[in-house]
Trainee: 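If you scroll down you'll find the structure; I have some questions about it.
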Amino acid sequence: MALPHLPATGQFHVRRLWPSDRAAIVEYFLRLDPETRAGRFMGAVSEAGVRAYAERSVSAEGLMFGAFKDGMLRGLGELRPAGPRPPGMILGPEAEAAFAVERDFRRTGLGSALFARIADAARNRGVSDLHVRCLTRNGPMRGLAAKLGADLRPAGPETEGALHLARPTPFSLWHEGIAEAFDLTLAFAAAGQGAWREAS
C-alpha cells in the first residue's frame with residue numbers, strides 16, 4: 001500500500017540525521033518529559049539509560065530522521081531493521097519505526113511528516129512491512145498509525161501494527177537520493193555553525 005499524500009508542516013524541516021548530529025540527538029532525548037520518554041521507550045528509563053541509548057543510536061543499524069524548528073531538534077524518528085540485515089543499503093523485508101515529538105510541538109503535523117519520511121526510506125530499502133509499537137494508552141500514536149493505514153492489534157498494555165509499503169520506483173529512489181544529498185548539506189552547515197558558536 002502506498003502512503004497517502006501528507007502536506008509539509010510548513011514550520012519545520014525534516015532531514016536525515018548523521019554522526020555530526022550526535023550532540024543534538026543526546027540533548028533531545030534528555031529533554032523529553034517523563035511521559036514522552038516512557039512512551040518512546042515503552043516504559044520508565046533512567047537518565048543514564050536514555051543517555052547511553054542516545055549516544056549509540058546514531059551508529060546503530062538503520063537510519064534516523066529529525067524535525068527541526070529554528071535550528072533545534074524537536075522530533076526524532078528511527079528506522080531499524082527487524083531482522084538480520086542483508087549487505088548493502090537493503091534493510092530487508094521487515095523493519096521497525098519509532099519516534100517521539102516534544103510535548104510543546106505536537107499536533108502540528110510533525111509526527112505525520114516524520115512517519116512519512118521513515119516510510120519512504122523504508123520502501124526504498126526493500127521493506128514491505130513497516131512495524132510500529134506503542135503503549136495502548138498512547139492515543140495520539142495509535143491515531144497517527146491508523147491514519148497512515150497501519151493494521152493495529154492491541155495486546156494488553158501494548159499495541160502493535162504494520163504498514164504495508166509499495167515497492168520502490170525509479171522516481172522514489174531518485175527523489176530520496178536528492179533529499180539525502182540536501183540533508184547532508186544541511187547537517188554539515190549545522191555542524192559548522194555549532195563549531196563557530198563554540199569558538200566565539
Side-chain angles (χ1 to χ4, degrees), residues 1-18 20-42 45 50 53-54 57-58 62-80 95-124 127 130-150 152 159 161-163 165 172 175-176 178-180 182-187 189-190 193-194:
M1 173 182 166
L3 280 173
H5 174 72
L6 293 167
T9 64
Q11 292 179 284
F12 300 89
H13 69 272
V14 176
R15 67 166 174 84
R16 183 171 171 181
L17 299 176
W18 307 89
S20 61
D21 295 302
R22 186 185 304 273
I25 292 168
V26 173
E27 291 173 5
Y28 164 81
F29 275 117
L30 292 177
R31 275 199 315 270
L32 294 180
D33 64 271
E35 182 183 352
T36 304
R37 182 183 293 182
R40 169 60 188 82
F41 292 102
M42 307 294 289
V45 183
V50 170
Y53 178 86
S57 63
V58 73
L63 298 88
M64 300 181 76
F65 297 92
F68 292 81
K69 178 172 172 54
D70 299 327
M72 182 74 73
L73 183 60
R74 296 300 188 183
L76 189 149
E78 299 175 62
L79 172 63
R80 306 296 183 190
E96 298 177 353
F99 60 91
V101 176
E102 287 188 62
R103 181 187 296 275
D104 292 342
F105 297 88
R106 295 176 189 168
R107 302 186 183 280
T108 62
L110 180 52
S112 295
L114 275 172
F115 207 147
R117 186 69 192 271
I118 290 169
D120 284 344
R123 170 192 182 193
N124 289 328
V127 176
L130 181 61
H131 296 273
V132 293
R133 189 165 62 101
C134 67
L135 295 174
T136 300
R137 67 174 185 264
N138 189 343
M141 179 65 181
R142 287 189 294 107
L144 175 59
K147 172 185 173 183
L148 294 175
L152 298 176
T159 292
L163 185 67
L165 304 177
S172 73
H175 185 269
E176 187 180 4
I178 296 296
E180 287 207 343
F182 185 63
D183 290 349
L184 189 56
T185 300
L186 290 176
Q193 289 173 358

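Since we're looking at a predicted model, the values are computed, not measured.
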Trainee: Any chance you could measure L76, atom CG, to R40, atom CZ, to the nearest 0.5 Å?
Mentor: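 Reported to 0.5 Å precision, the distance equals 8.0 Å.
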
Trainee: Between I118 and A97, what is the shortest heavy-atom contact and its length?
Mentor: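 That would be CG2-CB, 3.9 Å.
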
Trainee: Are R74 and E102 within salt-bridge range, i.e. N to O under 4.0 Å?
Mentor: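 The answer is yes: the pair qualifies as a salt bridge.
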
Trainee: For the residue pair L73 and G66, what are the closest heavy atoms and their distance?
Mentor: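 Looks like CD1-CA, 3.5 Å.
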
Trainee: Can you tell me how far NE2 of H13 sits from CG of D70, rounded to the nearest 0.5 angstrom?
Mentor: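 These two atoms lie 10.0 Å from each other.
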
Trainee: Below 30° counts as parallel, above 60° as perpendicular, anything between as tilted: where do the rings of Y53 and F29 land?
Mentor: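 Judged by the thresholds at 30° and 60°, the geometry between Y53 and F29 is perpendicular.
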
Trainee: Kindly say whether S172 contributes a backbone atom to a donor-acceptor pair with the side chain of N124 at under 3.5 angstrom?
Mentor: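 It does hold such a pair.
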
Trainee: Does any N or O in the side chain of D21 come within less than 3.5 Å of the main-chain N or O of A24, such that one atom is a donor and the other an acceptor?
Mentor: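 Checked: no pair found.
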
Trainee: Let me confirm one number: the OG1-CZ distance from T36 to F41, rounded to the nearest 0.5 Å.
Mentor: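 So the gap between those two atoms works out to 11.0 Å.
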
Trainee: Backbone N or O of T136 within a donor-acceptor pair of the R142 side chain at under 3.5 Å?
Mentor: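 Yes; at least one donor-acceptor contact below 3.5 Å.
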
Trainee: Could R137 and E35 be called an ion pair, given the rule that one side-chain N must be under 4.0 Å from one carboxylate O?
Mentor: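 Salt bridge absent between R137 and E35.
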
Trainee: If you measure from CD on E96 to CG on L130, what distance do you get to the nearest 0.5 Å?
Mentor: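 Here the rounded value is 9.0 Å.
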
Trainee: Please find the pair of heavy atoms, one from M42 and one from C134, that lie closest to each other, and give the distance.
Mentor: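 Scanning both residues, the minimum pair turns out to be CE-C, 3.5 Å.
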
Trainee: What is the minimum heavy-atom distance between G75 and L114, and which atoms define it?
Mentor: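 Shortest heavy-atom separation between G75 and L114 comes out as C-CD1, 3.8 Å.
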
Trainee: Measure the spacing between OG of S57 and CD of E78 and express it to the nearest 0.5 Å.
Mentor: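 One gets 5.5 Å once the value is rounded to the nearest 0.5 Å.
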
Trainee: Does R16 reach the side chain of L63, with side-chain heavy atoms less than 4.5 Å apart?
Mentor: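 Yes - at least one pair of side-chain heavy atoms lies under 4.5 Å apart.
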
Trainee: Looking at every heavy atom in both R31 and M72, which two are closest together, and how far apart are they?
Mentor: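 Smallest interatomic distance, heavy atoms only, reads NH1-SD, 3.7 Å.
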
Trainee: Say you draw a straight line from CZ of F105 to CG of L110; how long is it, rounded to the nearest 0.5 Å?
Mentor: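 Taking CZ in F105 and CG in L110, the distance rounds to 9.5 Å.
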
Trainee: Closest heavy-atom contact between R123 and L165?
Mentor: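 The pair with the smallest heavy-atom distance is N-CD1, 3.7 Å.
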
Trainee: Have a look at Y28 and tell me which of I25, L32, V26, L30 forms a side-chain contact (heavy atoms from CB on, under 4.5 Å) with it.
Mentor: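 Answer after filtering I25, L32, V26, L30: L32.
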
Trainee: Which is it for L17 and F68 under the side chain to side chain contact (heavy atoms under 4.5 Å, CB included) test, yes or no, and what are the steps along the way?
Mentor: CA-CA 11 Å; L17 299 176; F68 292 81; 3.7 Å; yes

